[in-house]
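For the single chain, residues carry numbers from 1 onward in sequence order.
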Amino acid sequence: IMVHPTLALSLLLIAVSSNLAMAIKKEKRAPQTLSRGWGDEITWVQTYEEGLYQAKKSNKPLMVIHHLEDCQYCQALKKAFAENEEIQEMAQNNFIMLNLMHETTDKNLSPDGQYVPRIMFVDPSLTVRADITGRYSNRLYTYEPQDMMFLIENMKKALRLIQTEL
C-alpha cells in the first residue's frame with residue numbers, strides 16, 4: 001500500500017505528540033506519592049519537622065492527617081476529603097499539608113490519644129491548635145465522611161486564628 005508521505009508524517013507526529021503528552025502527564029504526577037490518595041494536586045511535605053519549618057517560613061497553618069492504610073474509617077475519610085473541591089483547593093493554597101501513617105514523637109499531636117483518622121492544625125507559631133476540634137467528644141480530632149462541611153469550617157477557623165493572633 002502506498003501511503004502519501006505527508007499523511008505518514010502527520011500520523012507519526014500525532015503518535016509522537018500523544019506519547020509525549022502522556023509522558024509529561026506521568027512526569028507531573030510522579031512526585032505525588034506523598035499524597036497517598038488524599039489529593040494529588042496538593043503539595044505534601046514528607047515529615048512533621050519539614051511541615052513545621054514550611055509553616056513558619058510561609059506563615060501558613062500546618063494540617064496534619066494521621067491515618068492508616070488498612071483502616072476503613074481512614075479510607076472513607078480519604079475518599080470524601082479527596083473528592084471535596086473546596087477542601088482540596090484550600091489545602092493546596094492555604095495550608096502546609098502532611099499526612100502521616102505513623103505516630104510522631106510530638107505528644108502535642110495526640111492530646112486525647114493515638115487514634116486514626118485524626119486531623120490537627122499547627123499554627124505558624126508552631127502551636128498545636130488543640131482548640132480546633134471535630135464533632136465527637138470521645139475522639140476530638142476525628143472527622144467522618146459526612147463531616148466535610150465541618151472540616152471546611154475548621155480549616156477556615158485555622159486560617160482566621162493566625163491572622164488575628166500573630
Side-chain angles (χ1 to χ4, degrees), residues 18-111 113-124 126-130 132-136 139-162:
S18 71
N19 281 347
L20 189 63
M22 279 161 46
I24 289 169
K25 202 176 265 177
K26 271 194 198 113
E27 186 72 29
K28 181 178 170 249
R29 300 197 71 158
Q32 280 306 329
T33 51
L34 291 174
S35 89
R36 298 185 182 100
W38 290 91
D40 287 339
E41 298 306 310
I42 297 168
T43 305
W44 297 88
V45 293
Q46 202 158 353
T47 64
Y48 183 54
E49 293 67 30
E50 182 190 351
L52 292 175
Y53 172 78
Q54 292 293 344
K56 197 173 175 84
K57 196 175 89 168
S58 66
N59 201 35
K60 291 178 180 178
L62 168 65
M63 183 172 179
V64 183
I65 304 170
H66 285 93
H67 64 106
L68 293 170
E69 205 53 61
D70 55 0
C71 157
Q72 63 180 10
Y73 304 104
C74 299
Q75 293 299 336
L77 180 64
K78 180 192 296 191
K79 187 177 187 315
F81 187 96
E83 288 172 359
N84 187 300
E85 284 180 30
E86 190 174 356
I87 287 177
Q88 291 291 306
E89 201 256 331
M90 271 200 294
Q92 189 179 344
N93 298 319
N94 307 109
F95 287 85
I96 302 302
M97 297 296 296
L98 171 66
N99 70 73
L100 289 177
M101 297 195 342
H102 57 83
E103 282 300 330
T104 70
T105 52
D106 188 336
K107 295 289 171 258
N108 295 315
L109 284 178
S110 52
Q114 299 185 340
Y115 52 86
V116 290
R118 73 180 188 278
I119 298 177
M120 298 195 69
F121 298 93
V122 184
D123 222 278
L126 309 188
T127 308
V128 174
R129 300 300 322 210
I132 303 179
T133 57
R135 299 184 352 185
Y136 308 97
R139 295 182 322 280
L140 291 176
Y141 307 98
T142 204
Y143 295 85
E144 293 186 353
Q146 65 272 23
D147 299 333
M148 291 304 97
M149 290 316 294
F150 200 82
L151 179 57
I152 288 169
E153 287 313 306
N154 277 347
M155 290 172 81
K156 289 178 178 169
K157 186 175 175 183
L159 291 169
R160 258 197 324 275
L161 289 173
I162 51 170

Q | Minimal non-hydrogen separation, Gly51 against Val45, with atom names | A | CA-CG2, 3.7 Å
(Q) To the nearest 0.5 Å, what is the distance between CE on Met90 and CD1 on Ile152? (A) 5.5 Å
Q: Just jot down the side-chain hydrogen bond (donor to acceptor under 3.5 Å, both in side chains) partners of Asn93, sequence neighbours excluded, or say none.
A: Glu89
Q: Can you see which heavy atom on Pro117 is nearest to which on Cys71, and at what distance?
A: CD-SG, 4.4 Å
Q.
Could you measure the distance from the NZ atom of Lys56 to the CG atom of Asp123? Nearest 0.5 Å is fine.
A. 10.5 Å
Q | More than 12 heavy atoms from other groups under 6.0 Å of OH on Tyr115 | A | yes
**Q.** Distance (rounded to the nearest 0.5 Å) between Arg118 CZ and Ile65 CD1
**A.** 12.0 Å
(Q) Taking CD in Gln146 as the centre, count heavy atoms belonging to other residues, nucleotides or ligands within less than 6.0 Å. Is the count above 12? (A) yes
(Q) Other residues, nucleotides and ligands only: do more than 12 of their heavy atoms fall within 6.0 Å of NZ on Lys79? (A) no
Q: Side-chain contact test, heavy atoms from C-beta onward, threshold under 4.5 Å: evaluate it for Asp147 versus Glu144 and give yes or no.
A: yes
Q.
Quick check on Gln46: does its CD atom have over 12 non-hydrogen neighbours (other residues, nucleotides or ligands) under 6.0 Å away?
A. no
(Q) Are more than 12 heavy atoms, taken from residues, nucleotides or ligands other than Tyr73, located less than 6.0 Å from that residue's OH atom? (A) no
**Q.** Straight-line distance of Thr127 OG1 to Leu62 CG, nearest 0.5 Å
**A.** 12.0 Å
Q | Under 3.5 Å: donor-acceptor pair, side chain of Asn84, backbone of Phe81 | A | no
Q: Could you check if a side-chain atom of Trp38 sits within less than 4.5 angstrom of a side-chain atom of Leu77, using non-hydrogen atoms only?
A: yes
Q) side chain to side chain contact (heavy atoms under 4.5 Å, CB included) with Glu69: which residues, sequence neighbours excluded? A) Gln75, Lys78, Met101
Q: Kindly indicate, with the supporting measurements, whether the criterion side-chain contact (heavy atoms from CB on, under 4.5 Å) is fulfilled by Gln88 and Glu85.
A: CA-CA 5 Å; Gln88 291 291 306; Glu85 284 180 30; 5.6 Å; no
Q: Say whether, by atom type as modelled, one donor and one acceptor occur between the side chain of Gln54 and the main chain of Phe95 under 3.5 angstrom.
A: no
**Q.** Pairwise side-chain contact, Leu151 with Met63, heavy-atom cut-off 4.5 Å (strictly under)
**A.** yes
Q.
I'd like to check Ile119 versus Asn154 (side-chain heavy atoms, cut-off strictly below 4.5 Å). Are they in contact?
A. no
Q) Are Arg36 and His67 close enough that some pair of their side-chain heavy atoms sits under 4.5 Å apart? A) yes
Q) Which pair of non-hydrogen atoms, one from Pro124 and one from Ala55, has the smallest distance, and what is that distance? A) CB-O, 3.5 Å
Q. Where the side chain of Asn99 meets the backbone of Leu34, is there a donor-acceptor pair that is under 3.5 Å apart?
A. yes
Q.
Nearest 0.5 angstrom please: Ser110 OG to Leu140 CG, how far?
A. 12.0 Å
Q: Search all heavy atoms of Asn59 against all heavy atoms of Ile162 and return the closest pair with its distance.
A: O-CD1, 3.5 Å
(Q) Test of understanding: with side chain to side chain contact (heavy atoms under 4.5 Å, CB included), list the residues that count as partners of Ala80, not counting sequence neighbours. (A) Pro145, Met148
**Q.** Minimum heavy-atom distance Trp44-Ile42, with the two atoms named
**A.** CD1-O, 3.1 Å
Q: Start with the C-alpha gap between Val122 and Asn108, add the side-chain angles, then the distance that decides, and say whether side-chain contact (heavy atoms from CB on, under 4.5 Å) holds.
A: CA-CA 10 Å; Val122 184; Asn108 295 315; over 6 Å; no
Q.
Distance check, rounded to the nearest 0.5 Å: Tyr143 atom OH versus Thr133 atom OG1?
A. 6.5 Å
**Q.** Pro111 vs Met120 side-chain heavy atoms within contact, under 4.5 Å
**A.** yes
**Q.** Heavy-atom side-chain contact between Val64 and Thr104 under 4.5 Å
**A.** no
Q.
Whether the side chain of Tyr141 engages the backbone of Ala130 through a donor-acceptor N/O pair (distance < 3.5 Å, no angle test) should be reported.
A. yes
